[in-house]
Amino acid sequence: LSAEVRQPTRRRREPSASRAARALTALCHRCAAELAAANFVQVRDQIVNNVPLKDELSVLEGLGAVVAASASYEAVVQGTQMLARPPAEALALLAQAENAEPRAVAHELDRLTAVMRCASPSSQLLNGRPHPVLEVFANLWPVFEAVSIKMKTSHLVIEKLCRCYKHAMRSCRKHFEPMLDRMTGHLIKSLQDGVANAGSPTLQDGSRHSASAPLSSFVYCCSICITEFGDEARMIPKLFEMVSSVSQACFALLQSPAHFAEHPDLVEEYFYLASRFLDYCPGSLLSSPLLGHILQSASTGLRVEHREALRGVLHFCGECTAAAVLALKKSGDPLPPAMSSDEPLQARDAPRSQEDVDLARSAAQSVRRLLVDQDGGRALVDGLLAALSGDLPAQFLEEGRGSLLGCLWKLRLFCPPDVFARWCGASLEVITANFASTEIAGDLLNAVSVDPPRRDAFHDAFVVFARCFQTNKRGRRRRHR
């Protein structure tokens, strides 16, 4: 490698330099402990700016693994700081520069991310002491905030910055808790400011401009917070407050199908965030009024024929309906006849205490009030059937969690048959008005009214209905040619 990097102007882009970098990276990962004892981390100074960036990042990750394998905590701290110092200093200078290039900022963030990804020692070595990556991250926090403000209109920089946040959290795991409040506050404030800019009419004709920053990056980072801390009961209130703030900001922007279509990346990441919170903390969201607002927003999103946005919305609807059915099974209350058509409660999902039973019962009752007593399920069925009658890829139709048929099936299990049939009938009256599918719509209503329902008949009725719409739409397109 030394022979290759000493002549950067003539040979830096030759394949041999990349092969040498890959070999060095592999060596770092396979012989990390031995190289750490030899203080091999100093090789970094011979590589920076002498090989293509992708190769440099690869070697930095390998050197991070070497640092993590050091024999003492002090050596890990020293090695992490040694690797992070050059990009940290460069980033600090760029944050203060008047005309800093976004690409230059992005490159330094990439270098910091490469170090943070792998410089993570074992928990035995840490032994309750601060994580070395956290110390570097905390010292750089004012720089990160300055970059996020200075480069808020650069999609490249914001995406790289949030990627750096993500890997810092994943590297530190629970040790990141001292920075969690500052992180969530920063992400929420950045999202709120971005939404305000995206939703304000600034053009001369009064129309709205597109988002000035990739808002979905902030939302995705919030979901990483849930992944790292959602399994701790004491953290749930704090995470729920974060989800509520993110929801409020997103709802302010996503007020119509046109807004959903305009911001599909935000739609996808927001509903994945809500799904992740449901996965980690189902009781908190199922028992909260916030669930009604999310479902109302989801019913609007289901009407947007956009692959990425619809994937996120359907994923949440699938997780929500599955969580409602699971809560009903765990509650210990008598199950409706429809539940005999579904798989029994698995051992891994069984409640472990009376508190779990009480929480499940409370969640099931809250969802029932929302969907059945307050008729909130009708808007969701309207959205699902509207999506079913659109031009959708096949994977959105098939059974399973996160699909149209999977969501409808779980709703049918949870809701009384007469209520579910009434919702479907009201939706079909509107949807089928311009299509010759009255007989097929009647077959669908018969299939959903059977109690207990037959899964195969339920599935087939909706598939035939969807194909009827696809056939009619293809015919109309041919006639208009």
Side-chain angles (χ1 to χ4, degrees), residues 77 80 84 88 91-92 95 109 112-113 116-117 119-120 123 126 128-152 157-196 213-252 266 269-270 272-285 288 290:
V77 172
T80 303
L91 185 65
L109 287 170
L112 282 170
T113 301
M116 293 180 181
R117 285 186 66 177
S120 185
S123 56
L126 289 175
R129 290 173 288 194
H131 198 289
V133 169
L134 182 64
E135 291 192 340
V136 171
F137 190 88
N139 290 333
L140 274 173
W141 184 250
V143 178
F144 289 146
E145 289 187 312
V147 168
S148 69
I149 295 173
K150 186 181 185 67
M151 298 284 180
K152 64 181 180 180
V157 170
I158 296 301
E159 288 171 357
K160 296 293 186 181
L161 181 63
C162 289
R163 182 171 176 267
C164 186
Y165 293 166
K166 174 186 73 173
H167 285 292
M169 285 189 280
R170 284 183 170 174
S171 183
C172 295
R173 301 294 181 186
K174 304 301 182 187
H175 297 278
F176 194 81
E177 184 177 345
M179 285 292 299
L180 183 61
D181 287 343
R182 296 172 72 180
M183 171 63 77
T184 56
H186 165 67
L187 294 173
I188 292 170
K189 179 66 164 57
S190 300
L191 176 64
Q192 291 171 338
D193 291 345
V195 166
L215 304 178
S216 59
S217 297
F218 301 123
V219 178
Y220 178 69
C221 271
C222 289
S223 71
I224 299 300
C225 297
I226 297 172
T227 301
E228 299 303 332
F229 295 97
D231 57 351
E232 295 191 28
R234 64 185 181 85
M235 303 297 290
I236 291 178
K238 184 179 297 186
L239 295 175
F240 181 77
E241 182 179 355
M242 177 192 73
V243 172
S244 299
S245 298
V246 172
S247 300
Q248 185 177 5
C250 292
F251 295 159
L266 177 62
E269 291 301 342
Y270 170 70
Y272 275 125
L273 167 80
S275 301
R276 187 164 294 182
F277 190 78
L278 261 180
D279 188 36
Y280 281 86
C281 324
S284 298
L285 186 54
S288 168
L290 177 62

How many angstroms lie between atom [atom1] of [X] and atom [atom2] of [Y], to the nearest 0.5 angstrom?
X      : Y      : atom1 : atom2 : result
Phe240 : Cys281 : CZ    : SG    : 10.0 Å
Cys172 : Leu134 : SG    : CG    : 5.0 Å
Cys250 : Glu269 : SG    : CD    : 10.5 Å
Leu239 : Ser284 : CG    : OG    : 9.0 Å
Cys222 : Phe277 : SG    : CZ    : 12.0 Å
His186 : Lys189 : NE2   : NZ    : 10.5 Å

I'd like to check [X] versus [Y] (side-chain heavy atoms, cut-off strictly below 4.5 Å). Are they in contact?
X      : Y      : result
Ile226 : Met242 : yes
His175 : Leu126 : yes
Glu228 : Arg173 : yes

Fill in: Test side chain to side chain contact (heavy atoms under 4.5 Å, CB included) applied to Leu180 and Lys238, step by step
CA-CA 10 Å; Leu180 183 61; Lys238 184 179 297 186; 4.2 Å; yes
Shortest non-hydrogen contact from [X] to [Y]?
X      : Y      : answer
Met151 : Val157 : CB-CG1, 3.5 Å
Ser171 : His131 : O-NE2, 3.4 Å
Ile224 : Arg170 : CD1-NH2, 3.5 Å
Cys164 : Leu112 : SG-CB, 4.4 Å
Met116 : Val136 : CE-CG1, 4.2 Å
Thr184 : Cys225 : CG2-SG, 4.0 Å

Item to complete: Indicate, with yes or no, if the rings of Phe218 and Tyr165 have centres closer together than 6.0 Å.
Response: no
Worksheet item: So, for Phe137 and Phe144, is the gap between ring centers shorter than 6.0 Å?
Response: yes
Worksheet item: So does Glu177 pair up with Arg234, basic N to acidic O under 4.0 Å?
Response: yes
I'd like to know if the side chain of [X] reaches the main chain of [Y], judged simply by a donor and an acceptor atom lying under 3.5 Å from each other, with no hydrogens or angles considered.
X      : Y      : result
Thr113 : Leu109 : yes
Thr227 : Ser223 : yes
Asn139 : Glu135 : yes

Discussion item. Checking Val243 against Leu285 for the side chain to side chain contact (heavy atoms under 4.5 Å, CB included) test, could you report, in this order, the C-alpha distance in whole Å, the side-chain angles of both residues, the deciding distance, and whether it holds?
Written reply: CA-CA 10 Å; Val243 172; Leu285 186 54; 5.5 Å; no
Item to complete: Verify the neighbour count for atom CD of Glu241: are there more than 12 heavy atoms of other residues, nucleotides or ligands below 6.0 Å?
Response: no
Item to complete: For atom CD of Glu159, decide whether the heavy atoms of other residues, nucleotides or ligands shown that lie under 6.0 angstrom number more than 12.
Response: yes
Worksheet item: Any side-chain donor paired with an acceptor under 3.5 Å for Tyr270 and Ser247?
Response: yes
